[in-house]
There are 2 protein chains.
Amino acid sequence: MSDMLMSDVEQTEAEYLAAYEPGDFPRPSVTVDLVIFTILDRDLKVLLIRRREHPFKGALALPGGFLRVSDDADQGEDLEAAAHRELAEETGLPLGSVWLNQLGAFGAPGRDPRLRVITVAWFALVRPDLAPLVEAGSDAADAGWFSLTELAGEPLAFDHRGILDAAVARLERDIEHTDIGYELVSRRFTITELRSVNEVILGRKLDPGNFRRSFQRLIEDGVVVETPGERYTGRRPAKVYRFKGRR
Amino acid sequence: MSDMLMSDVEQTEAEYLAAYEPGDFPRPSVTVDLVIFTILDRDLKVLLIRRREHPFKGALALPGGFLRVSDDADQGEDLEAAAHRELAEETGLPLGSVWLNQLGAFGAPGRDPRLRVITVAWFALVRPDLAPLVEAGSDAADAGWFSLTELAGEPLAFDHRGILDAAVARLERDIEHTDIGYELVSRRFTITELRSVNEVILGRKLDPGNFRRSFQRLIEDGVVVETPGERYTGRRPAKVYRFKGRR
DNA sequence: ATAATAGTGTCTATTAGACAATATCCT
DNA sequence: AGGATATTGTCTAATAGACACTATTAT
């Protein structure tokens, strides 16, 4: 009996794929959006673009763009590659100089009024010494760093307000449990600069003495090493450190 | 001067949308895939399906399916709704009885040999008292719980091995920092049962006395409350607790 | 000298963990 | 009574935080 059922065409996978014809089910568009943070003037900033075209013309939006796909054999670019590409296009910064991590997918119906769009959001951290280069290098003349505090009430295009809020929440969580703080200081930094980054993100002052002690543990663990030179700030100069294991 | 430039057609957003015609840029397909965990016999299990059709015919795969979208005004279902729908279809469990959370988007070219597919992966935790209902209720007769330890070397269909590994890593991280442990015990549970869940996921024995003490703090904080009844295990019965703030 | 920042000392409270001891209850 | 599990006790080490204090340097 089962032989009877099995007796019809038994394909190999190669045969199946050769004969495969994609149905014409409707597909959504897929984009990547970037939440790019930096810290300038002791303030958390995000890179936004003033939209010149509809929809949401005139509103602020996260930089991003469509994922390049094809129905050819190569199928187009990787998701993360697309994020890196957009990052380079929007900031002008060399590939690999910016820390990038996936935030998640956002795809509520109606988030783009034109058509169904699923976006994969990424958050990126730009060292403050690179941040000034961004405004000049961006291909969108209306791109710029916006203070998160000033942006508080401001509505953004699409569902970008929700994405931004999710990114900020993630940042606050990660700053306490991971090493991402190092991504928001220059390569060579003082303890105070690192503490300031933490203070800005956490939104509260940290005790300099206690912070130094916890930093001391990182030195002992070899995570961070002292480097020659000092930082002159008009007062007593501070020692300069370097995050070990960084290009 | 600028008046001159502005003097050509100035559309409102409504006009723009009414006239909007989507270009025929190629779009990827979008799916949702589920990593559904439970704990049975003091062992972490994941729900997998034996594929009956090409591609990867005969291989084990994560349950999942295509996101339903449309070019109509409603644009189709929400991403999370799709995950919930697939979860209900694959497990037969009532909507809302299972904890569900987004893991992330996976979209490497070639991950589906047929066509370009971006998948949004979700991880779900099924209470052990509901787990036995799953195999019966599933629409895929070949669905079943597989031990993660036994699955260690086993290759899975598509890039599902990578997704599964990411989910396990997330589980290990979250079990120490969040409350998800409660999602893997019955509604009424003993301290030992909760400890066992942690032991299984962390892969090491935990001191009963120390674990009890940390649990004590949760009682004091009102996170968890004692409930009437005891649990008979053949030995000394244990007190039964309930996670406060659960349906 | 003064102001400002860098860095140290000290104390308390909390927590994780190792490990021993006692309590309770089923068989 | 014996055995298994629940529960309590005790000690140590690590950590976070509050807060006072000393050190160094530009002005």
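Predicted model only: the values in this text are computed from it and were never measured. Order of the sequence lines fixes the chain letters, A, B, ..., with proteins taken first and strands second; residue numbering starts at 1 for each chain.
Legend: residues meeting salt bridge (Lys or Arg N to Asp or Glu O under 4.0 Å) with B:R195, ordered by chain and number and at least two apart, are B:E199. Checked against side-chain hydrogen bond (donor to acceptor under 3.5 Å, both in side chains), A:T149 has the following partners two or more places apart in sequence or in another chain: A:S147. Residues passing the ring-ring contact (aromatic ring centres under 6.0 Å, His included) test with B:F37: none are found, sequence neighbours excluded. B:R213 pairs by the salt bridge (Lys or Arg N to Asp or Glu O under 4.0 Å) definition with nothing, not counting sequence neighbours. Looking at residues two or more places apart in sequence or on another chain, you find a ring-ring contact (aromatic ring centres under 6.0 Å, His included) between A:Y241 and A:F215. Contacts of B:D129 classified as salt bridge (Lys or Arg N to Asp or Glu O under 4.0 Å), with partners at least two apart in sequence or in another chain: B:R127. Among residues two or more places apart in sequence or in another chain, the side-chain hydrogen bond (donor to acceptor under 3.5 Å, both in side chains) test is passed with A:R85 by A:E77, A:E89.
The residue A:P208 sits apart from the nucleic acid: no heavy atom pair falls under 4.0 Å.
In this structure, B:R212 does not reach the D:dA6 phosphate: none of its side-chain N or O atoms is under 4.0 Å from OP1 or OP2. Distances shown here put a side-chain N or O of A:T192 below 4.0 Å from the OP1 or OP2 atom of C:dA6.
Between the P atom of D:dT5 and the CZ atom of B:F211 lies a distance of 17 Å, rounded to the nearest Å. Rounding to whole angstrom units, CZ of residue B:R195 and P of C:dA16 are separated by 16 Å. Separating the CZ atom of B:F215 from the C1' atom of C:dA16 is a distance of 18 Å, rounded to the nearest angstrom. Atom C1' of nucleotide D:dT8 and atom CD of B:Q216 are separated by 10 Å, given to the nearest angstrom. Rounded to whole Å, atom C1' of C:dG17 lies 17 Å from atom NZ of B:K205. Between the CG atom of A:L206 and the P atom of C:dG7 there is a distance of 16 Å, rounded to whole Å. Atoms NZ (B:K239) and P (D:dT5) sit 19 Å apart, rounded to a whole Å. Here C:dA6 presents its P atom at 13 Å from CG of A:L194, a figure rounded to the nearest Å.
Within a heavy-atom distance below 4.0 Å of DNA chain C, no residue of residues 168-176 of chain B is found.
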Distances under 3.5 Å only, N/O to N/O: pair up the protein atoms with those of nucleotides 10-15 of chain D.
from   : atom 1 : to     : atom 2 : distance (Å)
D:dT10 : O4     : B:R213 : NH2    : 3.2

Anything under 3.5 Å between a protein N or O and an N or O of nucleotides 20-23 of chain D, put it in a table, one pair a line.
from   : atom 1 : to     : atom 2 : distance (Å)
D:dA23 : N3     : A:R236 : NH1    : 2.9

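Within the structure, the salt bridge (charged side-chain N to carboxylate O under 4.0 Å, His left out) test picks out the following pairs touching residues 167-178 of chain A (sequence neighbours left out): A:R170-A:D174. Identified under the ring pair (Phe, Tyr, Trp, His ring centres under 6.0 Å) test for residues 157-181 of chain A, with sequence neighbours left out: A:F56-A:F158, A:F158-A:H160, A:H177-B:H177.
The side-chain heavy atoms of A:L79 and A:L67, taken from C-beta on, include a pair separated by under 4.5 Å.
Taking both residues in full, the closest heavy atoms of B:V35 and B:A167 are given as CG1-CB, 3.6 Å, listed atom of the first, atom of the second, then distance.
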